[in-house]
2 protein chains.
Amino acid sequence: MQTVTYQEAQLLHSQCCQAISDPTRICIVYALNECERNVTELAEYLQTPQSTVSRHLKELLNRGMVHSRRDGPAVIYSLTDDRIIQALDTMRAVLADLLRTRAQWVDIVS
Amino acid sequence: MQTVTYQEAQLLHSQCCQAISDPTRICIVYALNECERNVTELAEYLQTPQSTVSRHLKELLNRGMVHSRRDGPAVIYSLTDDRIIQALDTMRAVLADLLRTRAQWVDIVS
DNA sequence: TCCATGTTTCCGGCTACCCGGATACATGGA
DNA sequence: TCCATGTATCCGGGTAGCCGGAAACATGGA
């Protein structure tokens, strides 16, 4: 059984978090939580260039955050694990409370 | 009441996630979850240069992830919100399952 | 086999992030 | 007021990340 050092585990942990720390990737993850979509659909939905979306999906795939499957010429992506949304929502709640205590900008975030 | 656009909210969300996406900052957050500590204590505990720790703490403070209070010449830091740990643990669980399905490196992470 | 559709990769370039030693700054006691 | 302790900032420099147009690559139907 191969093992990793504590530092390597920490690095993997941070890479998972980094995967969902980019604004575009956050949008992609939430979009895939609604329903699975292919690259073009995501690009249109997010109003983002297709190459950009594809690049981010590659990152998410490498980190294991999403699955992909072919459907003819299209590639359909879907979320690997619901807990990714759970983690994002948790941080969003933390943020909402932060803003609340600072008494500003509450409406959109919460 | 001042509001933010959807894009700005997304950006804030990503900044919160980014705050806990650096390996060193993850270590700091977990260390502060055990007990509050000052900069020097953290630096020694994490075997990391004091200036580096201080810089990361500033980031975490700016993002509202930690509190600080003075105790004489020292500045003591503590976690703002337990849910930060919750989110980190969630992502760690996702990672652990990922590695499990890939059948390697399981022991340390889980 | 040729083409339409959809995807990935390449490219040049810019920005943001991270590092750690050294220096400057704050605090409270002698 | 001077000093010891602890903290924050400065600095130079390296690295990683992000961008979007363009070109190359897959796929399945005509």
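Lettering follows sequence order; numbering is per chain, from 1.
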Below 4.0 Å: OP1/OP2 of C:dC19 and any side-chain N or O of B:His56: yes
Any B:Arg55 side-chain N or O less than 4.0 Å from OP1/OP2 of C:dC19: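 For C:dC19, OP1/OP2 do have a side-chain N/O of B:Arg55 under 4.0 Å.
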Using a heavy-atom cut-off of 4.0 Å across all strands, would you classify [X] as base, sugar-phosphate, or nothing?
| X | answer |
| --- | --- |
| A:Ser51 | base |
| A:Arg70 | sugar-phosphate |
| A:Thr52 | base |

Nucleotide range of DNA chain D lying under 4.0 Å from chain A heavy atoms: D:dC18 to D:dG28
Of all pairs that satisfy side-chain hydrogen bond (donor to acceptor under 3.5 Å, both in side chains), the ones with a partner from residues 66-78 of chain B, not counting sequence neighbours: B:Glu36-B:Arg69
Check: B:Tyr30/A:Gln10 side-chain N/O donor and acceptor closer than 3.5 Å: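 Result is no, nothing qualifies.
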For DNA chain C, the residues among residues 19-33 of chain A that have a non-hydrogen atom under 4.0 Å from it: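 Result for residues 19-33 of chain A: none.
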Salt-bridge contact A:Asp89-A:Arg92 (side-chain N to carboxylate O under 4.0 Å): no
Pairwise 5' ranking along DNA chain D for A:Gly72 and B:Leu57, keeping only the more 5' one: B:Leu57
Length of the line joining A:Leu61:CG and C:dT9:P, which is rounded to integer Å: 10 Å
